[in-house]
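These notes are about the structure you will find just below.
In this chain, residues are counted from 1 in sequence order. Values below: all heavy atoms of this structure, side chains included; hydrogens, waters and symmetry mates excluded.
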Amino acid sequence: MTKKQKKMLRRIIVSLVLLVAVTLLLEFVALPWPFQLGLYLIPYLVIGWDILKKAALGIKNGQVFDENFLMTVATIGALCMQEYAEGAAVMLFYQIGELFQSYAVGKSRKSISALMDIRPDYANLLDESGKFEAVDPELVQVGQKILVQPGEKIPLDGLVLDGSGTLNTSALTGESLPRPVAKGDTVISGCINNEGVLTIQVTKPFAQSTVAKILDLVENSSVKKAKAEHFITKFARYYTPVVCYAALALAFIPSFITGDWAVWISRALTFLVISCPCALVISIPLTFFSGIGGASRCGILVKGGNYLEALAQTQTLVFDKTGTLTQGVFQVSHIEPAPGFTAEDVLNAAAAAESYSHHPIAKSLAKAASQSVSPASVQEVQEHAGKGVCALVDGKQVAAGNASLMDSLGLTFQQTDAVGTVVYVAIGGVFAGWILISDTLKPTAKTALEQLKRQGIRTVMLTGDSQKVAQSVAQELPLDEYHAELLPADKVSWVEKLLAQKKPSSTLAFVGDGINDAPVLSRADVGIAMGAMGSDAAIEAADVVLMDDDPAKIALSLRIARKCRRLVFQNITFALGVKFIFLLLGALGLTNMWGAVFADVGVTVLAVLNASRMLRIKPLMR
């Protein structure tokens with residue numbers, strides 16, 4: 001508990017003890033009503049002085065109709081009707097309910113405040129002599145070097161110049177498994193360095209760093225309210241004055257007719273206590289807030305309750321391919337040597353010939369090669385635009401490229417229709433074999449699509465890649481449909497078509513990671529970005545960000561959103577149902593002030609408990 005909550009708990013205990021003591025005393029000692037009132041006012045004021053103060057300030061500022069006003073009128077009315085114990089007890093139980101609500105809200109905030117701990121306190125700025133000084137991360141410029149020691153947070157995004165170790169990314173991704181990092185790797189702010197000293201060159205100022213963007217998303221998430229939250233706000237604005245006037249009418253109109261003022265004023269006071277809209281006003285925003293907090297603990301950042309609500313209505317999910325369903329990293333997946341050559345001969349020769357190129361294919365060949373290339377062994381490099389490269393490697397002529405290069409050199413070679421980028425290799429004027437370089441599916445992609453299928457989601461893949469590659473991916477994944485060879489504008493057009501096909505009550509979500517996905521992310525009802533490796537433009541345009549690029553988190557985010565919507569519906573139905581039943585009973589005189597306490601505090605506590613279930617999010621089985 002916070003200091004304020006502990007103080008309130010002490011007031012509740014003191015007031016409860018005093019109320020019980022006064023009640024017991026009056027069971028054995030008969031006192032005139034002024035003395036009884038004076039004794040009951042002690043526990044009443046101990047627990048309720050702040051409610052009375054808030055009600056007075058509300059009246060002074062013209063904001064009369066709120067729960068403080070309802071409690072003040074109801075309890076003072078009960079005291080005036082000489083129902084001293086009931087008046088003090090109603091105020092006591094109301095404060096118990098308020099404490100419970102405060103504690104529940106605080107608990108849900110912890111899941112988000114834990115994320116706020118990623119904010120770095122300092123950065124170790126290195127000077128030219130190798131010495132470092134702890135400075136404010138906002139003062140570090142792009143290009144400067146910082147030192148991150150074991151146990152310290154990485155304060156800024158950058159490139160590792162020296163050192164190796166592992167990073168704890170749980171605050172960002174929800175995953176406890178450490179990530180290895182070494183020289184040449186990019187690192188993002190907010191992670192904790194588990195081991196090893198890292199020298200990092202800063203690539204982004206603090207204001208544009210990953211940690212700054214995440215903090216901004218979290219801090220502003222409560223501003224974007226869901227339709228249900230707006231409904232409750234408007235409902236309370238009209239509901240409270242209506243029930244106040246209804247209570248006034250209940251007190252005076254029947255009294256003028258029957259002349260029984262005590263009965264009808266008592267019913268009106270009970271009516272006021274029952275009518276307090278705490279259960280709705282507190283539990284609905286709390287449900288969305290808890291949903292956002294529970295999702296953030298799983299590495300899913302939702303920018304607002306409105307997006308969580310829209311996500312719950314998703315029936316169509318559109319995927320980009322590269323970097324979303326696939327790794328987005330080209331690597332050697334197969335080598336087919338010709339007779340007389342080994343796979344190692346083919347790969348090393350191709351890697352050497354391509355060693356001067358910075359093309360992704362050249363990098364993937366170099367990464368897969370078993371031996372490093374000596375610059376002195378490669379001579380007479382000739383690049384053939386759109387075809388490949390020829391070079392003299394250790395005195396032998398090597399050609400590496402596509403089928404067009406082989407044809408232009410007049411070589412006889414074995415052509416393949418394998419899906420991916422094929423590099424044909426010739427050594428010494430003789431065809432030596434071919435190498436297949438392809439993108440691979442993410443490990444959880446198939447499981448993610450299967451989970452979405454079980455949730456009744458229609459899945460569509462849009463990609464700029466070739467028809468052959470798209471077909472190959474679609475055969476491995478349970479996709480409903482796919483469309484290939486699309487430009488960014490074509491993707492937007494397809495999303496427009498799919499939006500026109502969806503049901504009016506449903507939404508369409510798009511999942512992407514690249515800069516070219518930003519227009520589609522903005523056009524979809526809900527944009528979901530792969531955050532850890534995704535581009536800044538995609539993260540800015542998206543409504544939901546998956547911090548660890550795991551497709552399985554998409555199905556989890558849908559489950560969280562649907563659970564949130566279900567709990568909101570339950571709370572609205574339960575709270576309004578109980579309220580209206582007890583309001584009717586109170587007006588008919590079939591319930592007393594104790595029944596009113598249950599209808600107010602009891603319903604609120606049950607609704608808050610139900611809303612707090614959003615904090616218990618279980619990951620999907622893989």
Side-chain angles (χ1 to χ4, degrees), residues 321-323 325-371 373 377-441 461-476 482-487 490 516:
K321 181 185 74 69
T322 308
L325 295 174
T326 65
Q327 300 280 8
V329 178
F330 289 98
Q331 59 186 32
V332 173
S333 55
H334 182 74
I335 303 172
E336 188 67 36
F341 295 92
T342 65
E344 188 176 6
D345 293 336
V346 176
L347 179 59
N348 288 336
E354 296 272 11
S355 61
Y356 283 90
S357 173
H358 297 288
H359 192 277
I361 291 175
K363 291 180 179 179
S364 61
L365 289 170
K367 187 176 181 179
S370 60
Q371 61 186 39
V373 179
S377 64
V378 183
Q379 299 173 342
E380 300 179 15
V381 179
Q382 295 180 338
E383 288 198 26
H384 299 261
K387 295 181 179 181
V389 64
C390 295
L392 199 65
V393 180
D394 290 329
K396 291 184 179 180
Q397 189 69 34
V398 174
N402 55 25
S404 297
L405 179 64
M406 298 293 110
D407 287 333
S408 65
L409 295 175
L411 298 175
T412 302
F413 65 101
Q414 176 192 349
Q415 199 159 356
T416 179
D417 58 356
V419 178
T421 301
V422 179
V423 178
Y424 296 99
V425 182
I427 302 174
V430 179
F431 176 66
W434 54 267
I435 302 169
L436 180 65
I437 299 174
S438 58
D439 197 359
T440 57
L441 287 175
M461 183 180 74
L462 305 179
T463 178
D465 218 327
S466 67
Q467 183 72 23
K468 186 186 291 185
V469 172
Q471 184 179 7
S472 174
V473 172
Q475 287 173 347
E476 293 187 63
Y482 68 92
H483 304 280
E485 300 177 3
L486 303 176
L487 297 172
D490 298 327
N516 61 345

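The two atoms that bring V425 and A350 nearest to each other are CG2-CB, 3.8 Å, heavy atoms only. The two atoms that bring S364 and Q331 nearest to each other are CB-CA, 4.1 Å, heavy atoms only. Smallest separation of non-hydrogen atoms from A432 and V346: O-CG2, 3.3 Å. The shortest non-hydrogen separation linking Q467 to A484 is OE1-CB, 3.6 Å. Between A353 and V398 the shortest heavy-atom distance is CB-CG1, 3.9 Å. Nearest heavy atom pair, residue T342 against residue P337, reads C-CB, 3.7 Å.
Rounded to the nearest 0.5 angstrom, W434 CH2 and Q415 CD are separated by 11.5 Å. Rounded to the nearest 0.5 angstrom, I435 CD1 and T416 OG1 are separated by 13.0 Å. We find the CD-CG distance between E380 and L392 to be 5.0 Å, quoted to the nearest 0.5 Å. S408 contributes atom OG, which lies 8.5 Å from atom CG of N402 (distance to the nearest 0.5 angstrom). In this structure, Q327 CD and S438 OG are separated by 11.0 Å, a value rounded to the nearest 0.5 Å. Taking CD from Q379 and CD from Q397, the interatomic distance works out to 11.0 Å, rounded to the nearest 0.5 Å.
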From CA spacing to verdict: side-chain contact (heavy atoms from CB on, under 4.5 Å), L441, V473:
CA-CA 8 Å; L441 287 175; V473 172; 4.0 Å; yes

Where do V389 and H384 land on the side-chain contact (heavy atoms from CB on, under 4.5 Å) test, with the steps shown first?
CA-CA 6 Å; V389 64; H384 299 261; 5.9 Å; no

Could you please spell out the steps behind the side-chain contact (heavy atoms from CB on, under 4.5 Å) verdict for L325 and M461?
CA-CA 9 Å; L325 295 174; M461 183 180 74; 3.9 Å; yes

Step by step, would you call L462 with Y482 a side-chain contact (heavy atoms from CB on, under 4.5 Å)?
CA-CA 6 Å; L462 305 179; Y482 68 92; over 6 Å; no

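The side-chain contact (heavy atoms from CB on, under 4.5 Å) check on D490 picks up L486, L487, with sequence neighbours excluded.
In this structure, the side chains of L409 and C390 come closer than 4.5 Å at one or more pairs of heavy atoms.
Remark: of the listed residues L436, V423, L365, L365 is the sole one forming a side chain to side chain contact (heavy atoms under 4.5 Å, CB included) with V332.
In the model, D407 has no side-chain atom that pairs as donor or acceptor with a side-chain atom of S404 under 3.5 Å.
Looking at D345, its side chain never comes within 3.5 Å of a backbone N or O of F341 through a donor-acceptor pair.
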